Amino acid sequence: MPRNPFDWIDEESRRRERAGLVRTLRPRPADSALLDLASNDYLGLTRRAEVTEGAVRAARRWGAGATGSRLVTGSTELHAELERELADFCGFEAALVLSSGYAANLAAVTALSGRDALVVSDAGNHASIVDGCRLSRAETAVVPHTDVEAVRKTLEAHPGRRALAVTDSVFSVDGDAAPLRGLADVCREHGAGLLVDDAHGLGVLGAGGRGALDAAGLAGEAGTVATLTLSKSLGSQGGAVLGPARVIDHLINTARTFIFDTGLAPAAAGAALAGVRVLRGEPGLAGRAREVAATLHRGLTDAGLTSARPDAAVVSVQAPSPDAALRWAADCRAAGLVVGCFRPPSVPDGISRIRLTARADLTDRQIGTALSTIIRTAPGS
Ligand SMILES: Cc1ncc(COP(=O)(O)O)c(C=O)c1O
């Protein structure tokens with residue numbers, strides 16, 4: 001009898017189980033009573049009436065789907081309006097909306113590098129940047145985390161080469177920020193482009209949540225390009241690339257994840273546009289998200305837990321092992337609190353963590369409940 005061609009999957013699955021690395025889906029009900037500190041809904045916009053109404057209005061006017069790729073029938077006036085408002089809000093010349101932040105990173109990294117180019121990528125970058133580097137066929141130098149000197153040395157070793165340095169603005173595992181000004185200086189000195197993934201900065205950093213590049217005084221700089229997700233602070237779905245108009249034109253003509261992908265669904269575009277308008281109208285939301293993160297961090301460190309100081313709204317707490325992290329997250333859930341759980345291979349340094357995302361709409365009472373639950377269920381307590 002011939003072997004089943006997928007038998008190897010069972011062996012891999014057993015290996016994952018032995019290592020405590022099994023992942024499972026857990027569909028959540030619409031009306032969950034659990035306190036959520038795991039989502040990326042930093043400003044609590046995903047259920048805000050303005051944002052859900054933005055989605056409904058857009059679906060009614062433009063249909064449920066975009067009907068085609070952006071270069072064929074999938075660009076509506078709504079997409080163009082969203083692009084203008086995103087660029088204007090974040091301080092860039094132009095923007096291009098894609099179907100996800102993942103697609104935006106693949107688009108930006110591949111279109112701005114290429115086979116003969118050098119990409120200098122931070123070791124802590126998001127998987128979508130890592131995949132963009134792989135797809136680009138560029139020579140990729142992975143440099144130690146937030147190490148500006150390593151970026152300088154790498155660029156120095158390749159004079160005259162087309163080069164792109166790429167980094168998350170806020171790293172999704174530990175919540176620390178990239179040294180954007182130092183990176184921009186080094187890139188300028190060496191004629192390299194700087195690409196910053198501001199997935200966790202938009203809505204949390206900068207004036208009124210205009211993002212990490214606004215905070216660093218780099219928004220709209222000639223050599224700087226940003227990618228965004230519309231799925232975190234803006235409460236919708238989708239992604240975007242922001243930069244000089246010639247960079248955006250280049251992406252429209254060359255970026256495969258833009259060209260060969262159906263345009264963003266109108267409902268998502270309408271919700272994201274409404275999200276940007278909420279941010280404009282409520283500039284205090286970003287500061288509140290940061291304040292909640294600082295309160296969580298303080299409470300955890302006062303209780304003796306190891307938590308890196310949050311530079312934005314991601315709060316990370318170390319666990320002694322992948323198993324302990326899993327058990328900790330499960331004990332929190334049993335007590336009514338949902339937290340994220342990060343373990344290898346999502347964390348290349350091998351340190352497992354639980355991760356909390358601070359939300360601007362959490363009440364002081366909810367923050368207190370979250371802290372006491374995490375501290376009470378901590379490994380060894
Ligand atoms: C840093 C970072 N970049 C990119 C993405 C991908 O964005 P999206 O979920 O919109 O594909 C994420 C997470 O989702 C992220 O955390």
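Whatever order the structure lists ligands and atoms in, that order sets their numbers, starting from 1. Starting from 1, each residue takes its place in the sequence as its number. Because only heavy atoms are used, hydrogens play no part in the values below, and waters and symmetry mates are left out as well, while side chains stay in. Everything quoted here is computed from the prediction, not taken from an experiment.
Checked by atom type and distance alone, the side chain of Thr357 pairs as donor or acceptor with a backbone atom of Ser39 at under 3.5 Å. With Glu83 contributing its side chain and Val97 its backbone, the two residues share a donor-acceptor pair below 3.5 Å. Distance alone, capped at 3.5 Å, places no donor-acceptor pair between the Asp147 side chain and the Val143 backbone. Formation of a donor-acceptor pair under 3.5 Å by the Asp168 side chain with backbone atoms of His126 is found in this model.
Atom numbering of ligand 1 starts at 1 in the shown order; those under 4.0 Å from a heavy atom of Thr229 are 7 (O), 8 (P), 10 (O). Those atoms of ligand 1 with a heavy atom of Gly238 less than 4.0 angstrom away are 10 (O). Listed by number with element, the atoms of ligand 1 under 4.0 Å from a non-hydrogen atom of Asp168 are 1 (C). Close approach of ligand 1 to Ala199 is summarised as follows: ligand atoms under 4.0 Å from at least one heavy atom of the residue are 1 (C), 2 (C), 3 (N), 15 (C).
Looking at Gly101 next to ligand 1, an N or O pair under 3.5 Å apart turns up. Between Tyr102 and ligand 1, a contact under 3.5 Å exists for at least one N or O pair.
At a heavy-atom cutoff of 4.0 Å, ligand 1 is contacted by the side chain of Asn105 but not by its backbone. When heavy-atom distances to ligand 1 are checked against a 4.0 Å cut-off, Gln237 has no atom that comes that close, whether in backbone or side chain.
Salt-bridge formation is not detected for the pair Arg298/Glu291: no Lys NZ or Arg NE/NH1/NH2 atom is positioned less than 4.0 Å from an Asp or Glu carboxylate oxygen.
Every heavy atom of Gly239 sits 4.0 Å or more from the atoms of ligand 1. Within the 4.0 Å heavy-atom cutoff, Ala103 does not count among the residues contacting ligand 1.
With a 4.5 Å cut-off on side-chain heavy atoms, Leu213 and Phe92 count as touching.
If you check the side chains of Thr167 and Asp122, you find no donor sitting under 3.5 Å from an acceptor.
The aromatic ring centroids of His145 and Phe171 lie less than 6.0 Å from each other.
In this structure, atom 9 (O) of ligand 1 lies nearest to the protein heavy atom Ser231 OG, 3.8 Å. Residue, atom and distance of the protein heavy atom nearest to atom 1 (C) of ligand 1 are Asp197 OD2, 3.3 Å. For atom 12 (C) of ligand 1, the closest non-hydrogen atom on the protein side is His126 NE2, 3.3 Å. With respect to atom 16 (O) of ligand 1, the closest heavy atom belonging to the protein is His200 NE2, 2.7 Å. Scanning the protein heavy atoms around atom 14 (O) of ligand 1, the nearest turns out to be Lys232 NZ, 3.0 Å.
Of the residues listed (Glu50, Glu85, Glu282), the one engaging Arg277 in a salt bridge (charged side-chain N to carboxylate O under 4.0 Å, His left out) is Glu85, and it is the only one.
Annotation: the span from Asp174 atom CG to Phe342 atom CZ amounts to 9.5 Å, rounded to 0.5 Å.
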